[in-house]
Amino acid sequence: MALIIRGAKPTNVFQLTGVDENSATYALGWVLEQSSHFRILVGEAIFGRRFNMEVSLISLQKHGDDGGFTDIEINGGSKFHCVVEAKRSWDVPTEAQLLRYRPRLALSGAKHQRLVSISSADASFAKRRLPKSVDGAKVVHISWLAIQHIARAAHALASKFEEKMWLRQLVEHLKGFVAMERITDNNVYVVSISRDPITPGDPYTWIEVVEREQRYFHPIGGGWPNQPPNYVGFRYGGKLQAVHHVETFEVVGDLSKMNRHWPKTEKDNFVYKLGPAMRPPTEVRTGNIFRNGRVYCAIDTLLSGVFPTISAARDETKRRIELGE
């Protein structure tokens with residue numbers, strides 16, 4: 001017997017509502033209500049010290065007079081009030097967006113008021129893009145990775161079976177939002193690169209970025225990874241050319257400022273520094289994959305010589321995931 005949702009096997013109960021940012025905020029809100037240890041540790045992350053959030057109302061998707069919906073509001077009456085804006089990718093809320101929710105805090109009259117950003121972005125990235133405060137209310141950023149760490153810590157402190165169970169479910173659900181397992185993840189993100197010039201009038205090609213510069217870049221989110229993979233594989237000419245370990249990465253807004261041959265961009269991109277090329281011992285053809293299709297494959301399925309095509313390696317990887325191997 002197997003349960004399949006949208007073609008995939010769910011790994012936790014929170015995936016029943018999807019795998020978007022709403023599913024994460026619903027999961028976060030639920031576990032905040034279920035786990036006292038989690039509430040205490042989240043309070044420390046928000047307020048910078050041990051903070052009792054026991055007497056509170058947790059509201060999800062709360063509508064306000066501003067016409068918008070907040071992802072989460074944690075209201076402790078006159079003691080504290082937090083408005084949480086959550087995103088799945090590395091995006092963080094704009095100052096205008098935070099300013100829009102500022103009156104909700106003012107109306108509550110709470111002594112301790114916080115505007116909280118939660119996203120995949122790490123602390124240094126968020127610090128560069130978020131204001132320290134908005135109209136007197138302090139702005140705090142917490143990454144999904146930090147939330148997952150907090151849930152693990154709360155699990156270690158909890159003694160009740162039900163509380164531990166919900167914390168495990170949250171940790172599992174957030175694996176799709178964080179990069180904690182990146183350095184030990186043996187999956188390869190396989191992409192297609194082109195011999196075509198990157199920009200009109202400049203002969204520099206996408207292949208040269210990888211093979212000459214040992215670099216690769218792509219947008220964050222919008223169908224692309226929200227977190228850097230551990231390995232990237234490149235295909236062109238109808239076959240897999242090489243697999244590279246991602247040595248380091250950085251987030252860049254305008255790629256053309258980093259390299260004049262690269263395109264001018266306005267949104268954030270991951271830029272990877274690649275390790276040495278690892279090539280398969282036998283030819284691995286593309287197989288049944290769309291021309292620009294991007295897939296994940298276990299590294300051994302690409303480099304062992306057992307699977308003749310990338311699509312076969314992809315299918316074997318999916319089979320292992322479904323069986324929990």
Hey, are [X] and [Y] close enough for a salt bridge, meaning a charged N less than 4.0 Å from a carboxylate O?
X: Lys273; Y: Glu247; result: no
X: Glu316; Y: Lys318; result: no
X: Glu73; Y: Arg104; result: yes
X: Arg320; Y: Asp300; result: yes

Taking the side chain as every heavy atom from C-beta outward, state whether [X] and [Y] have any pair of such atoms under 4.5 Å apart.
X: Pro280; Y: Leu240; answer: yes
X: His218; Y: Tyr272; answer: yes
X: Lys138; Y: Gln113; answer: no
X: Asn288; Y: Thr309; answer: no

Practice prompt. Find out if a path of hydrophobic residues (ILVMFWY) with successive side-chain heavy-atom gaps under 4.5 Å connects Ile40 to Val84.
Written response: no

Discussion item. Tell me whether Ile310 shares a hydrophobic cluster with Phe307, the cluster being built from Ile, Leu, Val, Met, Phe, Trp, Tyr side chains joined at under 4.5 Å.
Written reply: no

Worksheet item: Any chance CZ of Arg291 has more than 12 other-residue heavy atoms, nucleotides or ligands included, within less than 6.0 Å?
Response: no

Discussion item. For Lys79, I'd like to know if atom NZ has over 12 heavy atoms of other residues, nucleotides or ligands within 6.0 Å.
Written reply: yes

To the nearest 0.5 Å, what is the distance between [atom1] ([X]) and [atom2] ([Y])?
X: Tyr189; Y: Arg294; atom1: OH; atom2: CZ; answer: 4.0 Å
X: Ile118; Y: Leu28; atom1: CD1; atom2: CG; answer: 5.0 Å
X: Asp315; Y: Thr317; atom1: CG; atom2: OG1; answer: 8.5 Å

Between [X] and [Y], what is the shortest heavy-atom contact and its length?
X: Pro263; Y: Ile198; value: CD-CG2, 3.4 Å
X: Phe80; Y: Ala110; value: C-CB, 3.5 Å
X: Arg102; Y: Val134; value: NE-O, 3.1 Å
X: Val190; Y: Cys297; value: CG2-SG, 4.3 Å
X: Leu41; Y: Ala153; value: CD1-CB, 3.8 Å
X: Ala151; Y: Val171; value: CB-CG2, 3.7 Å

Practice prompt. Going by the side-chain contact (heavy atoms from CB on, under 4.5 Å) test, name the single residue among Asn269, Asp122, Val271, Ile220 that passes it with Val251.
Written response: Ile220

Discussion item. Please enumerate all residues that pass salt bridge (Lys or Arg N to Asp or Glu O under 4.0 Å) together with Lys87, with sequence neighbours excluded.
Written reply: Glu85

Determine yes or no for a side-chain-to-main-chain donor-acceptor pair under 3.5 angstrom, with [X] supplying the side chain and [Y] the backbone.
X: Thr70; Y: Gln61; answer: no
X: Glu163; Y: Gln34; answer: no
X: Ser35; Y: Leu32; answer: no
X: Glu208; Y: Glu213; answer: no

Practice prompt. Given salt bridge (charged side-chain N to carboxylate O under 4.0 Å, His left out), test Lys267 with Asp91 step by step and report yes or no.
Written response: CA-CA 10 Å; Lys267 295 185 177 181; Asp91 291 339; over 6 Å; no

Worksheet entry | Chi angles and distances behind the side chain to side chain donor-acceptor pair (under 3.5 Å) call for Thr199, His261 | CA-CA 7 Å; Thr199 56; His261 296 294; over 6 Å; no

Item to complete: List the steps and the verdict of side chain to side chain donor-acceptor pair (under 3.5 Å) for Arg195 and Tyr236.
Response: CA-CA 8 Å; Arg195 292 186 175 91; Tyr236 63 86; 5.6 Å; no

Response to the item:
Hits for ring pair (Phe, Tyr, Trp, His ring centres under 6.0 Å) against Phe234, two or more places apart or cross-chain, chain-then-number order -> Tyr216, His244

Worksheet, complete the sentence: Of Trp224, Trp262, Phe249, the one forming a ring pair (Phe, Tyr, Trp, His ring centres under 6.0 Å) with Phe217 is Trp262

Item to complete: Measure the acute angle between the ring planes of Trp30 and Trp166, then classify it against the limits of 30° and 60° as parallel, tilted or perpendicular.
Response: perpendicular

Worksheet entry | Pairs flagged by salt bridge (Lys or Arg N to Asp or Glu O under 4.0 Å) wherever residues 27-41 is involved - sequence neighbours left out | Arg39-Glu54

